[in-house]
Amino acid sequence: MTSSTLVRIRLADGALNERDVQLIRDARAVGEVIALVPGDAPPSVAAHAARLGVARLIAADRAQIAAVDALAAAMLLVEPDAVVLADDADGRELAGRLAARSRSALAVGVHAISRDPEGVIAHHTAFGGTFETTSAATTGALIVTLFASPVPIETVGEAEPLPIERFAATEVPRREPQEIARVRAEIADRSDRPDLRTARVVVAGGRGVGSPVGFALIEKLADVLGGAIGASRAAVDDGHAPHSLQVGQTGVAVSPDLYVAVGISGAAQHLAGMRTSGTIVAVNSDPDAPIFDVADFGVVGDAFAVLPSLIAALADEPDR
Amino acid sequence: MRILVLVKEVPDTYGERRLDLETGLTERGASSSVIDEPSARALEAALTLAAEHEGSVAVLAMGPASAEGSLRKCIAMGAGSATLVSDPLFVGADLTLTAQVLAAALARLEHDLVLMGAASTDGATAVLGAMLSELLDLPLLSRIDELELTAHDVCGRRYGDDIVALRAHLPAIASVTERLPDPRMPGIRGILAAKSAEISVLSARDLGLDEAFVLADARSILLSVSPAGARQAGTVVVDGATDGGTAIADFLRSKGLA
């Protein structure tokens, strides 16, 4: 039997969700990709899925059904070696429910998957990136939440749109909380700046730039580099940045190609959230700051002098 | 109102945390074990809510026998009783087994509301709440930043791009974030009470579980453990005679990052 991976894809504005689409690339390397889309997915996703190299496209025969019920039925139908979901809050919760319901092995927060003759292998880092581990299921499908790298996926060229195969799924009654109110938060990141978790460049500010002026500089550097903004716990605790921007042990873990740490000392809790970044650049006035132990390039100096100079230097395009 | 708090004991994030390269298990000696900060916040919330509702707070943890120490700290903070699930059979339990064991324990302990940290600092998987919700068919309010309790309902607010308010009838589970108030320090009375408190210990057999059960289902097993490549310190330049900003720009360009 061909090895297959069942990938859960959500929709956004009637099209395949970007973050979930990244999973297809990683799943392609491990076997045949069977994509589960919501029951109300429009036919237009079929062509897109085919171009992404999906082998089969499946959906429950009902437009509205709890995600866990659809996934559980899909697992029984397809008998995959692995079930892959995006590593976000929704993906993790769903993966947990599915593993509990199907009594399957679960691997959460995985950064890569591979396979060997016996099945799918999940690759993790532990303790803030200080250890690398691999795990697998003793039997059955491994349920995985995968943190897919934000590298754009390559399409396989023109392909016949896939039929959406419908399967029967039964709804299992479950006790759920009710949503009694939902209000758009007033403090929102500008929508044109990349999302912190998936950005390829992150510029993060710490206590050393803890002021509106300091963070304005961080924002400006982020914009010049086309990156997202992050903050250390100290900066968030001091009220200079919202919690949603916090990088570290109790915030978001990121792994961009470039991480610029400004006025951040580099305490273990912060490193835990970014030490797997491709390249780390640090600016700090303290020559003994631990951040310099992990930075590929560091400048000891006043961020309020270094950053404007850096921004100007980057804005200067060399003559071509 | 009976509130039960799931408490996790973890290696201190301020200490060195290591995995044994042979077994893949956390090296217990590497640093001291502490009550996970998210768990402590959940306990603090429970103590406050119990006081408001003339209720009781019990704590439950799964771990080695040494985890009793952390449970005593919970009693010192004000928890009325503590239960430790401990058995050699559960050493190295994966997520699914952990959830099944805790569900079996919860089925034996009375509770109207189960509180837990939303994500732990040692595994940060943030899935346990969902797994318990599924196994016990209890509604789950997850990643809650503000919590309220009435005689029959639990309400929570979650802050994100949207601020969402959720409500569930009791019994229910809520996982809480670090936005909740700081945990209180134990007072001298609590510390003395903790010394003499009786901690109930449940073994696998007490939960009706045996080796066959552990082996029956699919389990996630570790295949390999290795230390990650340590990052090396790179070039450090002092801003002054050399312009630091220009130096960074040159470095970034040399790497194709700008």
Side-chain angles (χ1 to χ4, degrees), chain A residues 89 92-93 95-97 99-101 103-109 121 125-127 129-140 174-185 188 225 249-250 257-258 269 275 279 281 292-301 305-306 309-310 313-314, chain B residues 13-14 17 19 24 94-96 99 121 124-128 130-131 134-135 137-143 159-168 178-179 217-228 231 233-240 243-249 251 255 257-258:
Chain A
R92 289 187 177 199
E93 231 177 273
R97 287 192 186 278
R101 166 118 35 121
R103 298 166 70 164
S104 304
L106 177 60
V108 173
I121 298 173
T125 58
F127 292 157
T130 48
F131 288 90
E132 293 193 358
T133 67
T134 58
S135 66
T138 52
T139 181
R174 251 175 42 239
R175 296 178 61 213
E176 298 259 13
Q178 279 177 279
E179 189 177 293
I180 52 179
R182 179 179 286 261
V183 171
R184 191 85 194 149
L225 290 170
Q249 186 69 67
T250 49
D257 294 338
L258 171 63
Q269 283 84 353
R275 73 192 303 289
T279 298
V281 169
F292 290 121
D293 293 337
V294 297
D296 299 292
F297 195 89
V299 170
V300 179
V306 175
S309 168
L310 169 57
L314 288 173
Chain B
T13 60
Y14 286 92
R17 301 177 297 167
L19 290 178
D94 68 354
L95 289 165
T96 310
T121 56
T125 58
V127 288
L128 197 57
M131 299 180 86
E134 191 67 22
L135 290 171
D137 192 21
L138 291 175
L140 169 68
L141 273 63
S142 62
R143 294 168 287 124
Y159 286 79
D161 287 341
D162 290 344
I163 304 172
V164 180
L166 301 165
R167 177 176 60 211
E178 49 141 36
R179 274 206 177 177
D217 287 348
R219 301 295 172 203
S220 176
I221 51 166
L222 269 186
L223 298 178
S224 73
V225 179
S226 56
R231 286 200 87 105
T235 314
V236 179
V237 155
V238 178
D239 187 40
D243 184 284
T246 316
I248 296 176
F251 171 76
K255 292 266 169 185
L257 292 167

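Order of the sequence lines fixes the chain letters, A, B, ..., with proteins taken first and strands second; residue numbering starts at 1 for each chain.
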Just do the side chain to side chain contact (heavy atoms under 4.5 Å, CB included) check on A:D293 and B:R231 with the steps written out, would you?
CA-CA 8 Å; A:D293 293 337; B:R231 286 200 87 105; over 6 Å; no
Side chain, backbone, both or neither: which part of B:A99 has an atom under 4.5 Å from a heavy atom of chain A?
neither
Taking atom CG of B:L135 and atom CZ of A:R97, what is their separation to the nearest 0.5 Å?
10.0 Å
I'd like to verify something: which residue of A:G96, A:P177, A:A295, A:G301 has the highest number of heavy-atom pairs under 4.5 Å with chain B?
A:P177
On a heavy-atom basis, which atom in A:A105 and which in B:R219 lie closest, and how many Å separate them?
CB-C, 3.5 Å
Verdict with supporting geometry, B:L140 and A:E93, side chain to side chain contact (heavy atoms under 4.5 Å, CB included)
CA-CA 10 Å; B:L140 169 68; A:E93 231 177 273; 4.1 Å; yes
Among A:T139, A:I180, A:L106, which residue forms the greatest number of heavy-atom pairs with chain B at distances under 4.5 Å?
A:I180
Chain B: which of A:A136, A:A137, A:A99, A:S309 shares the most heavy-atom pairs with it under 4.5 Å?
A:A136
With a 4.5 angstrom heavy-atom cut-off, could you sort out which part of A:V183 is near chain B: side chain, backbone, both or neither?
both
Neighbour count above 12 (heavy atom, 6.0 Å) for A:R103 CZ:
no
In terms of heavy-atom proximity below 4.5 Å to chain B, should A:T279 be classed as side chain, backbone, both, or neither?
both
Does any backbone or side-chain atom of A:L225 lie under 4.5 Å from a heavy atom of chain B? Answer side chain, backbone, both or neither.
side chain
Report which part of A:E179 has an atom under 4.5 Å of a heavy atom belonging to chain B: side chain, backbone, both, or neither.
both
What part of B:D243 gets closer than 4.5 Å to chain A, counting heavy atoms only: side chain, backbone, both or neither?
side chain
